[in-house]
Amino acid sequence: MLQIQVIRAQAEEVIKKLQVKNFNAKEIVDRLLVADTSRRSTQKKLDDTLAESNSLAKEIGNLFKSGKKEEANRLKEKTSELKNVAKELQEQLSNLENEQDELLVQLPNIPQESVPAGKTSEENEIVSQQGNIEELSTDALPHWELTGKYDIIDFELGTKITGAGFPVYKGKGAKLQRALISFFLDEAINAGYTEYQPPLLVNEDSAYGTGQLPDKDGQMYHIPLDNLYLIPTAEVPVTNFYRDVILHEDQLPVKSTAYSVCFRREAGSYGKDVRGLNRLHQFDKVEIVQVTQPEKSYETLEQMLNYVSGILRKLELPFRVAKLCGGDLSFASAMTYDMEVYSAAQKRWLEVSSISNFETFQSNRLKLRYKNKSGKTILAHTLNGSALALPRIVAALLENNQTPEGIRIPEALVPYTGFDLIN
RNA sequence: GGAGAGAUGGCCGAGUGGUCGAAGGCGCACGCCUGGAAAGUGUGUAUACCUCACAAGGGUAUCGAGGGUUCGAAUCCCUCUCUCUCCGCCA
């Protein structure tokens with residue numbers, strides 16, 4: 001959520017910058033400015049009324065003490081008038097506050113200056129590409145056939161017991177999952193992240209805190225009986241650790257990592273893009289989250305990018321890095337790098353990680369701040385990235401490493417799997 | 001799930017209708033003291049919004065959350081949430 005103070009001070013600039021996201025903010029900003037002005041004047045009126053009422057109450061108290069009952073009773077009448085006025089103003093004020101909030105949550109984050117203009121993923125800027133793209137023989141199989149051939153993932157069984165998008169991992173397939181999770185976590189810990197195991201269900205406040213609500217209502221699984229949401233990413237619980245928290249500057253940067261199962265309804269997606277492991281309702285992911293000072297957050301973003309690149313190199317997967325254009329940026333992000341691995345049999349780039357700087361967009365909503373050395377309280381910047389999401393990594397590993405003998409496991413993973421071939 | 005107790009500032013803890021944003025202690029920050037440190041000592045130490053120059057000063061709100069009684073509530077009443085203890089159930 002953007003800060004009202006920023007909009008108030010730089011309305012035109014905000015509108016202009018949001019155009020990079022192809023978002024026309026004019027109307028909302030105009031309405032916000034009106035709401036903000038009347039909110040403030042109402043606040044002033046209310047405060048003045050309450051101040052008067054407070055001082056009268058004190059006076060009445062004194063009068064009673066000194067036995068001047070009649071005079072006190074006269075003042076009481078005046079107070080009850082003020083009370084009615086205050087009540088009305090209070091109501092107006094909370095209406096205006098609600099209106100302001102409703103408008104504010106509709107505005108996406110402002111893209112960082114260097115974010116390229118553009119409408120779709122076609123216009124993302126490919127920043128780098130690494131690793132060899134190998135030509136597979138013509139009889140190479142897509143992963144959804146390899147999983148059957150080697151009996152490591154059973155999609156039909158998952159469909160039977162739950163539904164589409166809930167695969168069952170089996171044998172070496174299950175072990176591979178476990179190996180990847182451990183590998184990713186160990187890498188993160190070595191890079192200085194603290195490991196957490198968060199709850200997989202969160203309450204409404206948390207879903208609101210990281211912006212899943214109200215923007216993405218309907219994308220999460222919801223349990224109405226307890227009013228809890230299944231997390232779509234560990235980002236939600238982990239970032240919410242810091243909701244309503246004021247850190248001290250020397251605690252920064254906060255670096256957290258968590259493995260979690262992620263649940264996504266993915267309403268409306270279908271077709272061949274969702275085949276096999278490409279898009280699931282339930283999947284495993286290791287997430288990294290950082291909280292930093294504003295002046296350091298872009299340096300941090302690059303660090304996180306380098307970190308994820310390192311893991312992909314260890315997995316020997318060809319990948320490229322895309323800097324998202326304005327139109328492809330998520331609602332909350334100021335700048336995002338997508339990491340895509342090449343899936344040789346599908347001949348496609350698959351997104352396996354998305355690393356974003358949210359600047360103060362999340363922290364403003366979360367009320368995540370820190371006190372700097374001179375004692376000033378400042379909104380922190382939050383960043384997160386996948387490191388990494390499993391299914392597409394598995395898809396790429398299976399496809400790229402298929403050989404006549406079986407599927408080769410990259411060296412870095414062998415200590416975790418305990419085998420170097422799936423056959 | 002049943003019965004009972006409780007929720008106060010970074011922490012501990014006082015406060016049962018007015019002078020309480022809240023005693024006292026701890027912690028923390030800065031100063032004094034010291035060759036240096038400890039001890040001692042002095043001062044300061046919540047958040048949001050409004051006013052305003054994002055200064056100083058001032059105003060308002062906040063003692064788990066929401067509502068109510070009252071001229072006036074941390075203090076009384078109602079609802080909810082959470083925590084603890086005992087019992088039950090259970091991985």
Side-chain angles (χ1 to χ4, degrees), chain A residues 1-11 13-14 32-101 103-104 197 199-209 223-229 240-252 254 293-295 360 363-380:
Chain A
M1 185 162 76
L2 295 177
Q3 293 167 268
I4 185 66
Q5 294 89 337
V6 171
I7 292 168
R8 191 189 304 152
Q10 309 168 34
E13 210 169 335
V14 168
L32 263 174
L33 291 176
V34 173
D36 178 50
T37 306
S38 43
R39 188 198 104 243
R40 281 151 65 206
S41 73
T42 306
Q43 169 101 59
K44 177 90 179 97
K45 280 186 220 158
L46 175 63
D47 286 357
D48 289 348
T49 309
L50 289 174
E52 196 180 341
S53 171
N54 283 344
S55 77
L56 277 179
K58 255 178 212 169
E59 223 174 294
I60 291 169
N62 288 333
L63 288 172
F64 271 123
K65 259 182 209 162
S66 49
K68 298 176 185 165
K69 270 196 184 162
E70 277 177 36
E71 209 171 323
N73 282 327
R74 224 160 12 86
L75 286 181
K76 270 199 201 180
E77 280 176 37
K78 203 169 172 190
T79 317
S80 70
E81 260 174 59
L82 286 174
K83 207 176 160 187
N84 286 333
V85 175
K87 199 170 180 183
E88 205 169 299
L89 286 169
Q90 180 66 66
E91 212 164 292
Q92 278 179 35
L93 182 64
S94 59
N95 284 339
L96 287 163
E97 279 170 352
N98 288 340
E99 188 187 339
Q100 181 177 306
D101 275 353
L103 289 166
L104 226 36
Q197 267 194 38
L200 304 182
L201 278 69
V202 295
N203 60 27
E204 218 175 339
D205 285 346
S206 297
Y208 183 82
I223 298 169
L225 190 59
D226 299 291
N227 197 22
L228 294 172
Y229 294 85
N240 270 284
F241 290 167
Y242 298 97
R243 170 151 50 83
D244 287 315
V245 165
I246 300 178
L247 296 160
H248 198 274
E249 184 162 13
D250 54 26
Q251 293 175 270
L252 298 176
V254 174
Q293 295 98 319
E295 62 273 19
T360 59
S363 58
N364 185 36
R365 214 186 272 205
L366 288 164
K367 299 198 181 71
L368 163 53
R369 291 155 295 174
Y370 71 95
K371 256 196 213 310
N372 72 7
K373 302 208 165 79
S374 51
K376 201 175 170 193
T377 306
I378 298 169
L379 286 174

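Source: prediction; values computed, not measured. Each chain gets a letter, A, B and so on, in the order the sequences are listed, and its residues count up from 1.
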Taking the [atom1] atom of each, how far is [N] from [M], in whole Å?
N: B/C20; M: B/G31; atom1: C1'; result: 30 Å
N: B/A14; M: B/A29; atom1: P; result: 27 Å
N: B/U19; M: B/U60; atom1: P; result: 13 Å
N: B/C77; M: B/C89; atom1: C1'; result: 35 Å
N: B/A23; M: B/G9; atom1: P; result: 13 Å
N: B/U8; M: B/C63; atom1: C1'; result: 4 Å
N: B/G25; M: B/U45; atom1: C1'; result: 15 Å
N: B/A74; M: B/U81; atom1: P; result: 24 Å

Let's test this: given Watson-Crick or G-U wobble pairing with both distances under 3.5 Å, identify the partner of [N].
N: B/U75; value: none
N: B/U16; value: none
N: B/A56; value: none
N: B/C82; value: B/G6
N: B/C11; value: B/G25
N: B/G35; value: none
N: B/C90; value: none
N: B/U47; value: B/A61

Rounded to whole angstroms, how far apart are [atom1] on [X] and [atom2] on [N]?
X: A/I378; N: B/U47; atom1: CD1; atom2: P; answer: 12 Å
X: A/Y370; N: B/G10; atom1: OH; atom2: C1'; answer: 20 Å
X: A/E81; N: B/G72; atom1: CD; atom2: P; answer: 14 Å
X: A/K367; N: B/U47; atom1: NZ; atom2: P; answer: 14 Å
X: A/D205; N: B/U81; atom1: CG; atom2: P; answer: 14 Å
X: A/L56; N: B/U19; atom1: CG; atom2: P; answer: 16 Å
X: A/K83; N: B/G67; atom1: NZ; atom2: P; answer: 14 Å
X: A/L82; N: B/U70; atom1: CG; atom2: P; answer: 16 Å

Open item on the list: Both A/G61 and A/E52 contact RNA chain B. Which one's nearest nucleotide lies toward the 5' end?
Closed with: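 The residue mapped nearer the 5' terminus is A/G61.
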Have a look at [X] and say if it touches a base, only the backbone sugar-phosphate, or nothing, with a 4.0 Å heavy-atom cut-off.
X: A/Q5; result: sugar-phosphate
X: A/L46; result: nothing
X: A/T377; result: sugar-phosphate
X: A/R369; result: sugar-phosphate

Within the pair [X] and [N], is there a side-chain N or O less than 4.0 Å away from OP1 or OP2?
X: A/K76; N: B/C71; answer: yes
X: A/N54; N: B/A61; answer: yes
X: A/R40; N: B/C49; answer: no
X: A/R8; N: B/C54; answer: no
X: A/S53; N: B/G72; answer: no
X: A/Q90; N: B/U60; answer: no

Task: Euclidean distance, A/Q100 CD relative to A/R40 CZ, rounded to 0.5 Å - done: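 Here the interatomic distance stands at 9.5 Å.
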Open item on the list: Let me confirm one number: the NZ-CZ distance from A/K367 to A/R243, rounded to the nearest 0.5 Å.
Closed with: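 With rounding to 0.5 Å, NZ (A/K367) is 9.5 Å from CZ (A/R243).
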Open item on the list: For a side chain to side chain contact (heavy atoms under 4.5 Å, CB included) check, start with the C-alpha distance between A/I7 and A/L104, then their side-chain angles and the critical distance, and finish with the verdict.
Closed with: CA-CA 10 Å; A/I7 292 168; A/L104 226 36; 3.5 Å; yes
Task: Basic-acidic side-chain contact under 4.0 Å: A/K45, A/D48 - done: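 No, no charged N to carboxylate O under 4.0 Å.
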Task: Minimum heavy-atom distance between A/P294 and A/L379, given as atom pair plus value - done: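 Heavy atoms of A/P294 and A/L379 come nearest at CG-O, 3.8 Å.
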Task: Closest heavy-atom pair and its distance - A/R39, A/L93 - done: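 Closest approach of A/R39 to A/L93: O-CD1, 3.6 Å.
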Nucleotide nearest [X] (side chain, heavy atoms from C-beta), chosen from [options]:
X: A/L50; options: B/C49, B/G72, B/U60; result: B/U60
X: A/K371; options: B/U60, B/C71, B/U47; result: B/U47
X: A/A57; options: B/C49, B/U47, B/G72; result: B/G72
X: A/A51; options: B/G59, B/C49, B/U47; result: B/G59

Task: Flag side-chain contact, heavy atom, 4.5 Å: A/L247 against A/Y242 - done: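 Counting from C-beta outward, A/L247 and A/Y242 do come under 4.5 Å.
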TODO: Indicate yes or no: at least one non-hydrogen side-chain atom of A/Y370 is less than 4.5 angstrom from one of A/Q293.
DONE: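 They are in side-chain contact.
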